[in-house]
Amino acid sequence: MDIFEAIILAIIEGITEYLPVSSTGHMIITSSFFGIAQEDFTKLFTIVIQLGTILSVVALYFKRFFQSIDFYYKLLVAFIPAVVLGLLLSNVIDSLLESPLVVAFSLVIGGLILLRVDDLFGNSDNTDISYATAFKIGLFQCLAMIPGVSRSGASIVGGMTQKLSRTAAAEFSFFLALPTMLGATLKKSYDYYDAGFTLTSEQINLLIIGNVVGFIVALFAIKTFIGYLSKHGFKVFGYYRIVVGIAIIVIHYFISPLTVI
């Protein structure tokens with residue numbers, strides 16, 4: 001991976017992390033086009049630079065993190081399913097991270113769901129998140145272990161199935177990203193070193209650049225997304241996912257096969 005590839009991946013991460021379009025899926029596709037998807041450092045990079053986008057949530061919602069201890073308990077309850085399944089399915093998840101076709105089909109299926117989610121669940125004005133609701137949202141988030149599903153999309157839809165407003169569901173999804181992404185980063189970093197790999201000074205610089213770029217881009221992406229979502233809903237994201245997913249399938253089968261497992 002060179003600095004150009006690192007910056008492009010970080011921009012994509014910053015734009016897509018909190019949108020219901022799958023940041024991991026987009027980075028898998030992009031790294032596949034660059035020819036670096038199967039490199040161990042690339043897999044580490046795509047996880048670790050999520051720290052930058054996490055900090056963007058802290059910066060934008062700083063006061064909300066001091067509202068009550070109950071807030072943290074609910075995040076912990078929502079985080080537990082990802083911890084359990086993440087540890088149990090770690091090897092399966094790693095293998096899926098190499099497959100653009102898994103991403104493509106997940107994008108299409110998720111897009112079809114987003115086209116219907118507003119009609120099915122509407123946009124209530126409920127902002128109250130109980131412990132039971134938090135846990136159910138955490139279960140929905142686990143669907144994003146399949147590349148292309150979208151962590152934010154799954155958890156936002158999960159919140160809406162519990163009668164939360166679109167904005168409340170989206171913001172809780174943002175907050176839930178903090179323990180989820182931090183846990184994934186620590187786990188991936190440990191696995192990387194446990195496998196005998198070490199980071200070069202160049203790779204450390206790429207990680208720093210990726211986090212900084214991701215942080216800056218995510219600041220704008222979050223503010224834009226919340227404003228759009230509260231007014232217009234999910235359909236545009238559904239159409240986008242379907243178009244991108246079909247395009248990937250067409251490219252793979254009719255133009256130039258992408259790297260798959």
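Everything numeric here is computed off the predicted structure, so don't read it as measured data.
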Any chance you could lay out the side chain to side chain contact (heavy atoms under 4.5 Å, CB included) test for T127 and L164, step after step, and finish with the verdict?
CA-CA 6 Å; T127 61; L164 288 179; 5.8 Å; no
Keeping [X] on the side-chain end and [Y] on the backbone end, is there a donor-acceptor pair under 3.5 Å?
| X | Y | answer |
| --- | --- | --- |
| Q162 | G159 | no |
| T133 | I129 | no |
| S106 | P147 | yes |
| S165 | D125 | no |
| D194 | Y190 | no |
| T224 | A221 | no |
| Q203 | T200 | yes |

[X] [atom1] to [Y] [atom2] distance, which is reported to the nearest 0.5 Å:
| X | Y | atom1 | atom2 | result |
| --- | --- | --- | --- | --- |
| L75 | F172 | CG | CZ | 5.0 Å |
| I29 | L107 | CD1 | CG | 7.0 Å |
| E5 | T42 | CD | OG1 | 7.5 Å |
| I12 | T46 | CD1 | OG1 | 11.5 Å |
| R151 | S22 | CZ | OG | 11.0 Å |
| I80 | L139 | CD1 | CG | 10.5 Å |

Compile the donor-acceptor pairs under 3.5 Å between side chains in residues 177-185 and protein atoms, sequence neighbours left out, one pair per line.
| from | atom 1 | to | atom 2 | distance (Å) |
| --- | --- | --- | --- | --- |
| T180 | OG1 | Q141 | OE1 | 3.3 |
| T180 | OG1 | Q141 | NE2 | 3.2 |
| T180 | OG1 | L176 | O | 2.8 |
| T185 | OG1 | M181 | O | 2.8 |

Looking at every heavy atom in both [X] and [Y], which two are closest together, and how far apart are they?
| X | Y | answer |
| --- | --- | --- |
| L199 | L207 | CD1-CD1, 3.9 Å |
| A78 | A134 | CB-O, 3.1 Å |
| A170 | I156 | CA-CG1, 3.6 Å |
| P20 | G153 | CB-CA, 3.6 Å |
| Y193 | T198 | CE2-CA, 4.1 Å |

Please output the side-chain donor-acceptor pairs of residues 47-63 that fall under 3.5 Å, not counting sequence neighbours, one pair per line with the distance.
| from | atom 1 | to | atom 2 | distance (Å) |
| --- | --- | --- | --- | --- |
| T53 | OG1 | E13 | OE2 | 3.3 |
| T53 | OG1 | Q50 | O | 2.7 |
| S56 | OG | T53 | O | 2.4 |

Verify same cluster id: V243, L19 (apolar side-chain graph, 4.5 Å)
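No, no single cluster joins them.
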Please say yes or no: joined through hydrophobic side-chain contacts below 4.5 Å, possibly via intermediate residues, are Y72 and I137 part of one cluster?
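Same cluster.
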By side chain to side chain donor-acceptor pair (under 3.5 Å) - contacts of [X] (at least two apart):
| X | result |
| --- | --- |
| Y131 | D70 |
| S150 | S152 |
| T167 | none |
| D118 | R166 |

Hey, mind stepping through K235 and D119 against side chain to side chain contact (heavy atoms under 4.5 Å, CB included) and telling me if it holds?
CA-CA 10 Å; K235 287 191 176 180; D119 297 329; 3.9 Å; yes
Going by heavy atoms in the side chains, are [X] and [Y] under 4.5 Å from each other?
| X | Y | value |
| --- | --- | --- |
| V157 | L114 | yes |
| F140 | T161 | yes |
| M160 | F234 | yes |
| L85 | M145 | yes |
| F41 | Y192 | yes |

Side chain to side chain donor-acceptor pair (under 3.5 Å) partners of residues 239-251, not counting sequence neighbours, each pair once:
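Residue pairs passing side chain to side chain donor-acceptor pair (under 3.5 Å), neighbours aside: H26-Y240.
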Applying side chain to side chain contact (heavy atoms under 4.5 Å, CB included), run through L9 and M1 and close with a yes or a no.
CA-CA 10 Å; L9 288 172; M1 180 184 297; 3.7 Å; yes
Hydrophobic clusters join Ile, Leu, Val, Met, Phe, Trp and Tyr when side-chain heavy atoms are under 4.5 Å apart, directly or via other members; which others share one with I113?
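The other cluster members (ILVMFWY side chains, heavy atoms under 4.5 Å, direct or chained) are I109.
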Regarding D191 and K188, does a basic nitrogen lie under 4.0 Å from an acidic carboxylate oxygen?
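Not counted as a salt bridge, because no side-chain N and carboxylate O are separated by less than 4.0 Å.
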For Y18, ring pair (Phe, Tyr, Trp, His ring centres under 6.0 Å) partners two or more places apart
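Ring pair (Phe, Tyr, Trp, His ring centres under 6.0 Å) check on Y18 returns F174.
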With F65 via ring pair (Phe, Tyr, Trp, His ring centres under 6.0 Å) - residues at least two apart
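In terms of ring pair (Phe, Tyr, Trp, His ring centres under 6.0 Å), with neighbours along the sequence ignored, F65 is linked to F71, F175.
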Could you walk me through whether S189 and L44 pass the side chain to side chain contact (heavy atoms under 4.5 Å, CB included) check?
CA-CA 7 Å; S189 298; L44 177 69; 4.0 Å; yes
Would you find more than 12 non-hydrogen atoms of other residues, nucleotides or ligands less than 6.0 Å from E202 atom CD?
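Atom CD in E202 is not packed in, count stays at 12 or less.
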ring-ring contact (aromatic ring centres under 6.0 Å, His included) partners of residues 204-232, not counting sequence neighbours, each pair once:
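ring-ring contact (aromatic ring centres under 6.0 Å, His included) check on residues 204-232 returns F225-F237, Y228-H232, Y228-F237.
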Excluding sequence neighbours, so at least two apart, what forms side-chain contact (heavy atoms from CB on, under 4.5 Å) with V83?
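Expected list: F79, L87.
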